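Every value quoted in this text rests on a predicted model; they were computed, and no experiment measured them.
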Amino acid sequence: MPSTARKLLTQNKGLLAFIALMVVFRSAIADYNVVPSGSMLPTVMVGDRILVDKLAYDLRLPLTHISLLRLGEPQRGDIVTVDSHQAGELLLKRIVGLPGDVVELRDNVLTINGQAASYGQAQVRPVAGDGADDAVYRDERIDGMNHLVRLSESHPSLHSSFGPVVVPADHYMMLGDNRDNSMDSRYFGFFARSELMGRTSRIAFSLDADKGYRPRLDRFGRLLDPVDIHHQQQ
């Protein structure tokens with residue numbers, strides 16, 4: 001190794017070690033991801049930076065999908081990051097179907113193993129895009145899963161009815177909370193457990209690109225599925 005290069009390495013070994021540790025930390029332990037689309041509205045907004053627990057399900061060899069140890073099992077309602085082979089990109093979706101479940105959508109009513117979800121009217125402030133695409137919000141409850149969904153009134157999805165399908169072993173069915181504007185299992189099929197890269201439950205911080213990346217201070221540190229959802233059961 002040339003003396004100049006050796007000298008640079010010696011002088012910067014602390015910085016290089018720090019960079020290597022950060023790469024390992026973000027790859028295998030915890031990370032934050034920028035949300036580029038509105039497929040998880042109203043739960044997650046474009047511009048949110050979400051905290052991702054990479055140890056929620058597996059201890060992985062850094063920078064790979066190789067699982068060294070299973071640490072937990074995905075649960076219905078988990079919001080997960082998926083390094084999807086079918087989609088060719090990192091996705092953020094919610095698990096609705098576990099291995100062995102029979103899942104069906106009929107006019108955006110979710111049914112799991114013969115049990116239909118209940119939908120309450122939710123008191124939610126309009127979000128970006130509601131002016132061009134009128135939407136209603138509902139509090140979806142089924143089998144311990146409770147969260148908000150966004151339903152378009154002017155542009156309903158062609159896939160608002162789907163299935164019934166049986167979720168295969170070691171795979172999961174995932175949907176976006178923005179049911180009429182989400183590329184999810186209805187398009188890409190089931191997602192393999194090996195593609196699940198981590199679970200998220202909280203926003204780190206949020207920036208509004210439409211307003212010069214102004215911070216959305218009310219979203220800093222916010223839980224994604226607060227327990228105090230205001231609703232009126234129908």
When rounded to the nearest 0.5 Å, the distance separating CG of Asp53 from CE of Met197 is 12.5 Å

Check your understanding: Would Asp177 and Arg94 count as a salt bridge (charged side-chain N to carboxylate O under 4.0 Å, His left out) if you check the C-alpha gap in whole Å, the side-chain angles of each, and the deciding distance to 0.1 Å?
Key -> CA-CA 7 Å; Asp177 290 351; Arg94 186 186 297 275; 2.7 Å; yes

Does one hydrophobic cluster hold both Val167 and Leu98, with members joined at side-chain heavy-atom distances below 4.5 Å?
-> no

Q) Backbone N or O of Gly163 within a donor-acceptor pair of the Arg106 side chain at under 3.5 Å? A) yes

Donor-acceptor contact below 3.5 Å, side chain Arg150 vs main chain Pro42 = no

Separation between CG (Asp83) and CG (Leu196), nearest 0.5 Å, reads 10.5 Å

The salt bridge (charged side-chain N to carboxylate O under 4.0 Å, His left out) partners of Asp48 (sequence neighbours excluded) come to Arg216, Arg219

Scanning both residues in full, the closest heavy-atom pair of Leu148 with Thr43 reads O-OG1, 3.9 Å

Do Val35 and Leu224 land in one hydrophobic cluster if side-chain heavy atoms of ILVMFWY residues count as linked below 4.5 Å?
yes

Under 3.5 Å side-chain donor-acceptor pair for Lys93 and Thr81: no

The salt bridge (charged side-chain N to carboxylate O under 4.0 Å, His left out) partners of Glu195 (sequence neighbours excluded) come to none

If only atom types and distance count, is the side chain of Asp208 paired as donor or acceptor with the main-chain N or O of Arg214 below 3.5 Å? no

Check: Any side-chain heavy-atom pair from Leu110 and Met145 closer than 4.5 angstrom?
Finding: yes

TODO: Without swapping roles, check the side chain of Arg138 against the backbone of Val136 for a donor-acceptor pair under 3.5 Å.
DONE: no

I'd like to know if Arg76 pairs up with Asp143 as an ion pair, taking the criterion as any Lys NZ or Arg NE/NH1/NH2 lying under 4.0 Å from an Asp or Glu carboxylate oxygen.
yes

Here the gap from Ser37 atom OG to Asn178 atom CG, rounded to the nearest 0.5 Å, amounts to 8.5 Å

Original post:
Going by heavy atoms in the side chains, are Leu223 and Asp225 under 4.5 Å from each other?
Top reply: no

Spell out, as yes or no, whether a donor-acceptor pair under 3.5 Å connects the side chain of Asp58 to the backbone of Arg60. no

For Phe220 and Pro215, the nearest pair of non-hydrogen atoms, with its separation, is CZ-CB, 3.9 Å

inquiry  = Between Ser154 and Asp134, is there a side-chain donor-acceptor contact under 3.5 Å, judged purely by atom types and distance?
reply    = no

Report yes or no: does Asp184 contribute a side-chain atom to a donor-acceptor pair with the main-chain N or O of Arg186 at less than 3.5 Å?
-> yes

Exercise. Does Glu104 reach the main-chain N or O of Thr111 with its side chain, forming a donor-acceptor pair under 3.5 Å?
Worked result: no

field: hydrophobic_cluster_shared for Met183 and Ile95, side chain cutoff 4.5 Å
entry: yes

Cluster question for you: counting only ILVMFWY and a side-chain heavy-atom cut-off of under 4.5 Å, with indirect links fine, are Leu91 and Val44 together?
no

Between the CG atom in Asp218 and the CD1 atom in Ile203, the distance rounded to the nearest 0.5 Å is 9.0 Å

* Quick one: does Asn113's side chain have a donor or acceptor within less than 3.5 Å of a partner on Val102's backbone? -> yes

Residues passing the salt bridge (charged side-chain N to carboxylate O under 4.0 Å, His left out) test with Asp170, sequence neighbours excluded, are Arg70

Practice prompt. Step through the shown structure and confirm whether more than 12 heavy atoms of other residues, nucleotides or ligands are within 6.0 Å of CG on Leu158.
Written response: no

Are Leu92 and Phe191 connected in the hydrophobic side-chain network, where two residues link if heavy atoms are under 4.5 Å apart?
no

Practice problem: Please indicate whether His65 has more than 12 foreign heavy atoms, meaning atoms of other residues, nucleotides or ligands, lying under 6.0 Å from its NE2. | Solution: yes

One should read off an interatomic distance between Met40 CE and Met45 CE, to the nearest 0.5 angstrom, of 13.5 Å

**Q.** Chi angles and distances behind the side chain to side chain contact (heavy atoms under 4.5 Å, CB included) call for Arg193, Glu73
**A.** CA-CA 9 Å; Arg193 190 187 188 285; Glu73 294 303 320; 3.2 Å; yes

When every non-hydrogen atom of Pro99 is compared with those of Ala169, the smallest separation belongs to CB-CA, 4.1 Å

Residues passing the side chain to side chain contact (heavy atoms under 4.5 Å, CB included) test with Asp180, sequence neighbours excluded, are Asn108, Leu151, Ser152, Pro156, Ser157, Ser160

Checklist line | Donor-acceptor contact below 3.5 Å, side chain Lys54 vs main chain Arg199 | finding: no

Inset, instruction - Report yes if some heavy atom in the side chain of Ser161 is under 4.5 Å from a heavy atom in the side chain of Asp107; otherwise report no. - result: yes

query = Are any non-hydrogen side-chain atoms of Leu105 and Leu175 less than 4.5 angstrom apart?
reply = yes

Value for CZ (Phe205) from CG (Leu51), rounded to nearest 0.5 Å, stands at 9.0 Å

| So, does Ser185 use its side chain to make a donor-acceptor pair with the main chain of Phe190 at under 3.5 Å? | no

- Could you tell me whether the side chain of Tyr119 reaches within less than 4.5 Å of the side chain of Asp139, counting heavy atoms only? no

ring-ring contact (aromatic ring centres under 6.0 Å, His included) pairs touching residues 157-179, sequence neighbours excluded, are His159-Tyr187

For Arg179, the salt bridge (charged side-chain N to carboxylate O under 4.0 Å, His left out) test, sequence neighbours excluded, returns Glu140

